*Asks:* 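Quick one: this structure, given as structure tokens, is what I'll be asking you about.
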Amino acid sequence: MLLHPFNNYGPMSSKEKNGNIKPLVIFLAVLIGGIAYYMLQDEEVESIVTSEPRRLEGGVATKLKLNKDSPYSENGGLTPEQLAEREKKLIKFKSNPIVKTNLEKKREKQSILRKEFKSLIKAEFEMPENLDYVTMDLDQEVAGVFGSGQGQIKTFTALARKGNISQEMVLEFLNDSTSGLPFSGRAQFFKKPIMKINNPPGTGIKEVLVYESSSPAYKAAFLKRQDNLGSYVFILEADPSLYNSNEGYLDRLLQSFKATGP
């Protein structure tokens, strides 16, 4: 008896064929679905990495929304316009005022006093700066300032009077114990000048007379304006050695003198 080729298995019916195909179809469907799902997930990851900022909400990537009031751009920096605007809003503190010491305030007041006196008497000249000055209350026609200190120059007095006055009037005033001058009674000035200078060039002065006194510490100078509008008297009290050093302080003071406006 010849065996049929399919006798070992027997010919498959339609029902059997369908039963064998179904598992294969299911397997292929699952495989294709897995590949598709993997590809979609890979695309989603690439989108998150390369596109605009996103965040996960419930497992789904969504676009991050920037705060409109934030001064920062998406890359975390400020634009030039934003930097300028922020600079305007910064509080700028004023620097602390420089606090002047009592000594600095005093020097400033002294400087103002000297300038005002020179302006009053219409003259420019060197005044010892190491002295403390006060204005003097004298005759209405006489303006005066007095300075005192502890250095080589002890005192300096400057007097000014309108119009012309004589030598006799000057000496009488200097030697009057009731004149109110700070040095009254300490020295008597000699009538004869030890020095006479006519028309010092560029000073506006026509004559300078220098007087010594009974005290080697005191000397005086009498100056007449060239325009006859006023006269000046300087009295210096100093260490006697100062008169002879550096051509004499009084000489340098007189050389610095210059009469100004009428």
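This is a predicted model, so every value here is computed, not measured. Note that these values count all heavy atoms, side chains included, but never hydrogens, waters or copies made by symmetry.
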*Asks:* Can you find a heavy atom in the side chain of Y211 that is under 4.5 Å from one in the side chain of L171?
*Replies:*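 Counting from C-beta outward, Y211 and L171 do come under 4.5 Å.
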*Asks:* List the steps and the verdict of side-chain contact (heavy atoms from CB on, under 4.5 Å) for Y232 and F125.
*Replies:* CA-CA 11 Å; Y232 307 98; F125 58 98; over 6 Å; no
*Asks:* I'd like to know if the side chain of S214 and the backbone of A187 have a donor-acceptor N/O pair within less than 3.5 Å.
*Replies:*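 Between the backbone of A187 and the side chain of S214 there is no qualifying donor-acceptor contact (under 3.5 Å).
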*Asks:* Please say which of F156, F146, F183 ends up in a side-chain contact (heavy atoms from CB on, under 4.5 Å) with I235.
*Replies:*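 Per the side-chain contact (heavy atoms from CB on, under 4.5 Å) rule, the option paired with I235 is F183, out of F156, F146, F183.
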*Asks:* Under a single-linkage definition using a 4.5 Å side-chain heavy-atom cutoff for Ile, Leu, Val, Met, Phe, Trp and Tyr, are M195 and F257 assigned to the same hydrophobic cluster?
*Replies:*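 In one cluster: yes.
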*Asks:* Q110 versus E129: any side-chain heavy-atom pair under 4.5 Å?
*Replies:*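 Counting from C-beta outward, Q110 and E129 never come under 4.5 Å.
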*Asks:* Looking only at heavy atoms, which two atoms of A160 and I121 are closest? And how far apart?
*Replies:*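 Reported closest heavy-atom pair: CB-CG2, 3.3 Å.
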*Asks:* Hey, does the Lys NZ or Arg CZ of K219 hover above the aromatic six-ring of Y243, less than 6.0 Å from the centre and inside 45° of the axis?
*Replies:*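 Verdict for Y243: a cation-pi partner in K219.
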*Asks:* With side chains defined as the heavy atoms from C-beta onward, is the minimum distance between F222 and I165 less than 4.5 Å?
*Replies:*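 Result yes, sub-4.5 Å side-chain heavy-atom pair found.
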*Asks:* Between atom CZ of R225 and atom OG1 of T203, what is the distance when rounded to the nearest 0.5 Å?
*Replies:*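 Nearest 0.5 Å value for the CZ-OG1 distance: 10.0 Å.
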*Asks:* Between the side chains of S148 and T155, is a donor N or O closer than 3.5 angstrom to an acceptor N or O?
*Replies:*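 There is no such pair (donor and acceptor under 3.5 Å, judged by atom type) between the side chains of S148 and T155.
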*Asks:* Nearest 0.5 Å please: distance from the CG atom of L242 over to the CG atom of L236.
*Replies:*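 Answer rounded to 0.5 Å: 7.0 Å.
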*Asks:* Are any non-hydrogen side-chain atoms of F117 and Y133 less than 4.5 angstrom apart?
*Replies:*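 SC-SC contact between F117 and Y133 ruled out.
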*Asks:* May I ask you to test the K106-N102 pair for a side-chain heavy-atom distance under 4.5 Å?
*Replies:*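 Side chain of K106 against side chain of N102, heavy atoms only: no contact under 4.5 Å found.
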*Asks:* Before accepting this row, confirm whether a basic side-chain N of the pair E141/K162 lies closer than 4.0 Å to the acidic partner's carboxylate O.
*Replies:*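 A salt bridge is absent here (no side-chain N lies under 4.0 Å from a carboxylate O).
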*Asks:* I'd like to know if the side chain of S256 reaches the main chain of E126, judged simply by a donor and an acceptor atom lying under 3.5 Å from each other, with no hydrogens or angles considered.
*Replies:*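 Flag set: sc S256 to bb E126 pair under 3.5 Å.
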*Asks:* So if I apply the side-chain hydrogen bond (donor to acceptor under 3.5 Å, both in side chains) rule between K206 and each of N199, N228, N198, which one comes out positive?
*Replies:*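 Looking at N199, N228, N198, the match for K206 under the side-chain hydrogen bond (donor to acceptor under 3.5 Å, both in side chains) is N228.
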*Asks:* Any chance you could measure N175, atom CG, to S184, atom OG, to the nearest 0.5 Å?
*Replies:*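 If we round to the nearest 0.5 Å, N175:CG and S184:OG are 9.0 Å apart.
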*Asks:* Report yes or no: does K196 contribute a side-chain atom to a donor-acceptor pair with the main-chain N or O of P193 at less than 3.5 Å?
*Replies:*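 No: the side chain of K196 does not pair with the backbone of P193.
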*Asks:* Nearest 0.5 Å, what's the CE-CD distance between M169 and E172?
*Replies:*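 Interatomic distance, M169 CE to E172 CD, rounded to 0.5 Å: 8.0 Å.
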*Asks:* Are L223 and V233 connected in a single hydrophobic cluster, I mean Ile/Leu/Val/Met/Phe/Trp/Tyr linked by side-chain heavy atoms less than 4.5 Å apart?
*Replies:*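 Hydrophobic grouping puts V233 apart from L223.
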*Asks:* How many angstroms lie between CG in L174 and OH in Y218, if you round to the nearest 0.5 Å?
*Replies:*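 These two atoms lie 12.0 Å from each other.
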*Asks:* Looking at S231 and G163, would you say the former's side chain and the latter's main chain have a donor-acceptor pair under 3.5 Å?
*Replies:*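 Indeed, once roles are kept as given, a pair shorter than 3.5 Å links the two residues.
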*Asks:* Counting C-beta onward and ignoring hydrogens, is there a side-chain heavy-atom pair between V208 and P200 closer than 4.5 Å?
*Replies:*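 They are in side-chain contact.
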*Asks:* Are L159 and L138 packed together at the side-chain level, in the sense that at least one heavy-atom pair is separated by less than 4.5 angstrom?
*Replies:*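 Yes; the side chains approach each other to less than 4.5 Å.
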*Asks:* Group every Ile, Leu, Val, Met, Phe, Trp and Tyr by side-chain heavy-atom contacts under 4.5 Å, then state whether V142 and F234 land in the same group.
*Replies:*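 No, it is not one cluster - the side chains of V142 and F234 are not joined through contacts under 4.5 Å.
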*Asks:* Check K118, M127, M136, R114 against V145 for a side-chain contact (heavy atoms from CB on, under 4.5 Å) and give me the one that passes.
*Replies:*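 Of K118, M127, M136, R114, side-chain contact (heavy atoms from CB on, under 4.5 Å) with V145 is met by M127 alone.
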*Asks:* Under a 4.5 Å side-chain heavy-atom rule over Ile, Leu, Val, Met, Phe, Trp and Tyr, are L254 and V170 clustered together?
*Replies:*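 No: no chain of side-chain contacts under 4.5 Å links L254 to V170.
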*Asks:* Between CG of D132 and CZ of R107, what distance do you get to the nearest 0.5 Å?
*Replies:*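 Separation between the atoms: 10.5 Å.
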*Asks:* Begin from the C-alpha positions of K224 and L209 and carry the test side-chain contact (heavy atoms from CB on, under 4.5 Å) through to its verdict.
*Replies:* CA-CA 9 Å; K224 293 183 179 180; L209 301 174; 5.7 Å; no
*Asks:* Are L120 and V134 linked, directly or through intermediate hydrophobic residues, by side-chain heavy-atom contacts shorter than 4.5 Å (ILVMFWY only)?
*Replies:*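 As far as the 4.5 Å side-chain criterion goes, L120 and V134 are not connected within one cluster.
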*Asks:* Can we say K258 and E124 salt-bridge, meaning some charged N sits less than 4.0 Å from an Asp/Glu carboxylate O?
*Replies:*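 Salt bridge absent between K258 and E124.
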*Asks:* Below 4.5 Å, heavy atoms only, C-beta onward: do I112 and E116 meet side chain to side chain?
*Replies:*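 Yes, side chains in contact.
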